[in-house]
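Sequential numbering from 1 along the given sequence is applied to the chain's residues. Heavy-atom basis, side chains included; hydrogens, waters and symmetry copies ignored.
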Amino acid sequence: MKLIKGVGNFFALDIGTNAVRVVQLDKSGADTWSLKAYGYAGIDSKLTAADSPEARTKLGEVILTAVGQSGIKATDVVIGLSAQKTFTTVVDVPTMPDAELRGTMKYQIERYIPSAINDTKVDWKLLGQSLHDPKQQEVLLTSTAISYAEDQLEFVEGLGFNVIAAEPDPLAMIRSLLPSGVADARLIVDMGEMSTNLAITYGDAPRLVRTIPVGLSTLLKAIVQNLNVQEDQARQFVLKFGLAPDRLDGQVLRALDSTLESFVGELTKSTKFFQTRYPNVSVGGILVSGFAATIPRFNEYVASKMNIAVTPANPWQKVRVSQSHQQQLLPIMNEFATVVGLAERTGQ
């Protein structure tokens, strides 16, 4: 969801549930960058969920801390828009010249978005010929409430920055996590603290975008309840021992069984929906990031349930990172999918 086209010297800001992340990249090639600066400041999830003036002030202080510690001097910024506050879909429209399409979309958009057009900010992008009907072309449509977009804009600019673009988190995630030149469809899964963003891509473009209300905190609650431990111990259990059946006598895996079954069920449902729409396209692999890439044996668990190869995705795969930055980023590098994707925007 672009506010303006074209970006120059800017940094990216991701206001996550559990941390604020900022990244500034230097373009070094056709699809390559080098890391200029980054910042990371943890926050209490209750703070980001609150909407009081006091909470906003504290959140602003955390953002300024992350930017200050990073050494970023740029004031132009690209921000992410929460997946829970945005709607993204792919629709079919008759094939027509670009100028005619632009005119038509103005009147067609209201059919596709779940909110009143007067209250909604909408952006769209032509993906190309439909994969299942040669007489149609596919359009990627994204929308968010004007009130939410303006509130985010006002909040960030109130900190002294100039917001030059805003984009739904899942679209930014795809940019950083999807390797270049992937021929088949891929399911991308980025697990955060409170929820999981997922997308199925084909031809370098999203064809399905969803958010599942299951995140690391959901897993922790299941462990706390089923193993009768404190939350900090539950976090240690899941991040250290993961889903290994031979660690802690498999207690963590058993404690998470029903939660994980439900989670994989949502992944399966998304895959089936995609293959119903695109019966001639198979999902060739699953890429996991965020906490899904951090939890030991998570890959194997999902692969065994879905019978699709699962591999960790690297948000930094197109970014050259210095040795010193690599060491600093190691414990948290999987959490940067959205902000790196935002930083990789080139204005298209």
Side-chain angles (χ1 to χ4, degrees), residues 14-21 39-52 54-59 61-63 65-66 69 80 82-85 169 173 189-198 210-267 288-302 305 310 312 315 328-339:
D14 170 29
I15 305 172
T17 307
N18 68 320
V20 167
R21 305 167 190 89
Y40 181 97
I43 49 175
D44 189 329
S45 59
K46 295 175 184 174
L47 184 63
T48 52
D51 200 27
S52 67
E54 295 81 10
R56 300 288 273 184
T57 298
K58 289 180 180 176
L59 180 56
E61 290 171 355
V62 174
I63 293 171
T65 296
Q69 291 178 347
S82 168
Q84 286 93 337
K85 299 284 189 176
D169 291 347
M173 165 196 84
V189 179
D190 185 31
M191 180 183 285
E193 190 80 22
M194 307 296 290
S195 61
T196 297
N197 291 333
L198 68 85
R210 285 190 63 203
T211 299
I212 301 172
V214 175
L216 179 64
S217 65
T218 318
L219 307 184
L220 299 184
K221 286 175 185 174
I223 294 173
V224 168
Q225 184 176 354
N226 293 322
L227 296 185
N228 194 27
V229 296
Q230 297 297 313
E231 185 174 319
D232 57 346
Q233 192 173 12
R235 184 178 289 264
Q236 184 181 11
F237 281 175
V238 74
L239 295 179
K240 184 176 181 181
F241 303 118
L243 310 184
D246 57 343
R247 305 300 297 271
L248 291 180
D249 297 324
Q251 290 183 76
V252 175
L253 180 57
R254 287 194 298 275
L256 293 175
D257 189 54
S258 62
T259 304
L260 290 172
E261 286 282 353
S262 174
F263 180 81
V264 173
E266 292 297 329
L267 300 187
V288 295
S289 183
F291 292 114
T294 306
I295 298 171
R297 305 292 285 273
F298 188 91
N299 293 4
E300 291 95 324
Y301 180 90
V302 175
K305 295 291 184 180
V310 180
Q328 296 164 9
L329 279 165
L330 195 58
I332 52 173
M333 64 182 303
N334 287 313
E335 297 182 38
F336 278 73
T338 294
V339 72

Under 3.5 Å, sequence neighbours excluded: what are the donor-acceptor pairs made by side chains of residues 219-242?
residue: Asn226; atom: ND2; partner: Ala222; partner atom: O; Å: 3.0
residue: Asn226; atom: ND2; partner: Ala255; partner atom: O; Å: 2.8
residue: Arg235; atom: NH2; partner: Glu193; partner atom: OE2; Å: 2.6

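- Taking Ser82 as the reference, Gln84 meet the side-chain hydrogen bond (donor to acceptor under 3.5 Å, both in side chains) condition, with sequence neighbours excluded.
- Within 6.0 Å of CE in Met194 there are 12 or fewer heavy atoms belonging to other residues, nucleotides or ligands.
- Closest non-hydrogen pair, Met333 versus Pro315, comes out as O-CG, 3.7 Å.
- Once rounded to the nearest 0.5 Å, the distance linking NZ of Lys58 with OG of Ser52 reads 8.0 Å.
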> Do Glu335 and Asn18 pass the side-chain contact (heavy atoms from CB on, under 4.5 Å) test, and can you show the C-alpha distance, the side-chain angles, and the key distance before you say yes or no?
Replying inline: CA-CA 10 Å; Glu335 297 182 38; Asn18 68 320; 3.5 Å; yes
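- Contacts of Tyr301 classified as side-chain hydrogen bond (donor to acceptor under 3.5 Å, both in side chains), with partners at least two apart in sequence or in another chain: none.
- Residues meeting the side-chain hydrogen bond (donor to acceptor under 3.5 Å, both in side chains) test with Asn197, sequence neighbours left out: Thr211.
- Met191 approaches Ile295 most closely through the heavy-atom pair SD-CD1, 4.5 Å.
- Between the CG atom in Leu47 and the CZ atom in Arg56 there is a gap of 10.0 Å [rounded to 0.5 Å].
- The side-chain hydrogen bond (donor to acceptor under 3.5 Å, both in side chains) test applied to Thr196 returns no partner, not counting sequence neighbours.
- In this structure the side chain of Ile15 never reaches within 4.5 angstrom of the side chain of Val62, judged on heavy atoms.
- With rounding to the nearest 0.5 angstrom, the CD1 atom of Ile43 is 7.5 Å from the OG1 atom of Thr17.
- Between the CG atom in Leu267 and the OG atom in Ser262 there is a gap of 10.0 Å [rounded to 0.5 Å].
- Of all non-hydrogen atoms in Ser195 and Pro213, the two that sit nearest each other are CB-CA, 4.2 Å.
- In this structure the side chain of Phe298 never reaches within 4.5 angstrom of the side chain of Phe291, judged on heavy atoms.
- With contacts defined as side-chain heavy-atom distances shorter than 4.5 Å, the pair Glu266/Leu198 does not qualify.
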Give the table of side-chain donor-acceptor pairs shorter than 3.5 Å for residues 247-254, with sequence neighbours excluded, one pair per line with atom names and distance.
residue: Gln251; atom: NE2; partner: Leu248; partner atom: O; Å: 3.2
residue: Arg254; atom: NH1; partner: Asp249; partner atom: O; Å: 2.9
residue: Arg254; atom: NH2; partner: Asp249; partner atom: O; Å: 3.1

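- Considering only heavy atoms from C-beta on, Val310 stays 4.5 Å or farther from Val189 through its side chain.
- For the atom pair CG of Asn334 and OG1 of Thr294, the computed distance is 4.0 Å after rounding to the nearest 0.5 Å.
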